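Scroll down for the structure; my scribbles are underneath it.
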Number of protein chains: 2
Amino acid sequence: MARIPAPERRAALIEAALRVVSQHGIAQATTRAIVAEADMSLASFHYAFDSRDELIDELIATVVAREQAAVMPEVVPGLGLREILEAGILRYFEHLKADPEHEQAMLELTQYALRSPDRHPLALAQYARYVELAERSLELAASVADAAWRVPVALAARVLVAFTDGLTLTWLVDRDDDAARAVAAAAADALSRMADPR
Amino acid sequence: MARIPAPERRAALIEAALRVVSQHGIAQATTRAIVAEADMSLASFHYAFDSRDELIDELIATVVAREQAAVMPEVVPGLGLREILEAGILRYFEHLKADPEHEQAMLELTQYALRSPDRHPLALAQYARYVELAERSLELAASVADAAWRVPVALAARVLVAFTDGLTLTWLVDRDDDAARAVAAAAADALSRMADPR
DNA sequence: GTCTATACACCGATAGAC
DNA sequence: GTCTATCGGTGTATAGAC
């Protein structure tokens, strides 16, 4: 086999691990399954990583760092804040529908991290990142709609994260698109009432 | 050891399994960990159950059937619908704070069920039960507040389930009580606008 | 650096004595 | 019915040839 620098091997293994977790769940993301997905030998795994735990930690850090603002609103002037927010949440919903396994993987990684005190900070960082992205979206939305947040943006962002999480979890279970759209509308409604026109 | 009828052994093992899942997560809920918690021999497990899968399925069915309406509003006349709903959601939040491991276990069992086509119906049944309980709460709340739902109650109930799920997941990660209360207020606000005074 | 082969722990499940 | 002992399989991790 070709000689591949350790950092590249680590990256390839992390990508393979994400695919395995997405498709089969974290419980099935064994070292053997991951190296098979990456088309490597088992020994190569332990050359690149000290342990499976080390890879999982790195995987969580990677997906968190890579997370993009799926809810980021388009700049369409003339719309009210409520409409802008609803469009943003619906955009996230389309993103969820396009790749449900990825969001399911993110949820599993969160819960995995929650089960170990050592890894709890990883889950916290993940949600801090979500809140940060939500915050930017809400600030942009208010700016476009010419509104001002009455509560701290960080708090409104935290509420938005909770609402999208709930939308995700329930939709992954029942795949009820109409219900998900109702959640989006209700969430946008509630959030828009946390701001005043300027 | 004493001779215990099979149904009692099954019940004891299910209770032990729930404790193990709550405390250590479903990944650690091995047959050995469960029998240790139940103070039984490993062979007793396979006398009562054909397989570990059979017990997990039974466990999910049991916790779902046992689920109570934690959000069920108190009957306090004179309050508006929004206040009644907020009080109900805050009641659920206190329930969550009192026993976080149980709600975390429920989330894990849901995601576990989602990973296997055979068990997906169990997750669906779980959420159908949640929606049913939410529906009863919403009907009672509207009746007490003398209001009428403008949308189908089932849909409003589905939205309520999503909101409480999001509240649960985010709070389990960051344990931010103030943020959770803001989610509760926003959810109550959004839901109350799905009804009209009568 | 990469491989095959293997050590060792733990898993679910069963055999067979009592 | 209940137990101890054990099987076959799979998990993580490592040894040692190349």
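Letters A, B, ... are given to chains in the order of the sequence lines, protein chains preceding strands, and every chain is numbered from 1. Since this is a predicted model, take the numbers as computed values, not measurements.
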Given atom [atom1] of [X] and atom [atom2] of [N], what is their separation to the nearest angstrom?
{"X": "A/F49", "N": "C/dG1", "atom1": "CZ", "atom2": "P", "value": "15 Å"}
{"X": "B/Y47", "N": "D/dG1", "atom1": "OH", "atom2": "C1'", "value": "6 Å"}
{"X": "B/M40", "N": "D/dT2", "atom1": "CE", "atom2": "P", "value": "9 Å"}

Return no unless some side-chain N or O of [X] is found under 4.0 Å from OP1 or OP2 of [N].
{"X": "A/S44", "N": "C/dT2", "answer": "no"}
{"X": "B/R9", "N": "D/dG1", "answer": "no"}
{"X": "A/S41", "N": "C/dC3", "answer": "yes"}

Would you name the heavy atoms of B/A142 and B/R198 that are closest together and state the gap between them?
->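 Taking B/A142 first and B/R198 second, the nearest heavy atoms are O-NH2, 4.4 Å.
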Of the options A/V161, A/L160, A/V153, which is the one that meets A/E135 in a side chain to side chain contact (heavy atoms under 4.5 Å, CB included)?
->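 Between A/E135 and the candidates, side chain to side chain contact (heavy atoms under 4.5 Å, CB included) is satisfied uniquely by A/V153.
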Taking a hydrophobic cluster as the set of Ile, Leu, Val, Met, Phe, Trp and Tyr residues connected by side-chain heavy atoms closer than 4.5 Å, whether directly or through intermediates, do [X] and [Y] fall within one such cluster?
{"X": "B/Y47", "Y": "B/M40", "answer": "no"}
{"X": "B/Y92", "Y": "B/L133", "answer": "no"}
{"X": "B/M106", "Y": "A/L172", "answer": "yes"}

Just checking, any donor-acceptor pair under 3.5 angstrom between side chains of A/Q104 and A/S22?
-> no
Please step through salt bridge (Lys or Arg N to Asp or Glu O under 4.0 Å) for the pair A/E54 and A/R10, ending with a clear verdict.
-> CA-CA 11 Å; A/E54 189 187 315; A/R10 287 172 71 97; 3.1 Å; yes
Heavy atoms, side chains only, cut-off 4.5 Å: are A/W149 and A/L81 in contact?
-> yes
In the 5'-to-3' direction, what one-character label does each nucleotide of nucleotides 9-16 of chain C receive under the scheme B = base within less than 4.0 Å of a protein heavy atom, S = sugar-phosphate only, - = no such atom?
-> --BBBB--
Check each residue of residues 12-23 of chain B for a non-hydrogen atom within less than 4.0 Å of any atom in DNA chain C, then write out the ones that pass by number, or none.
-> none
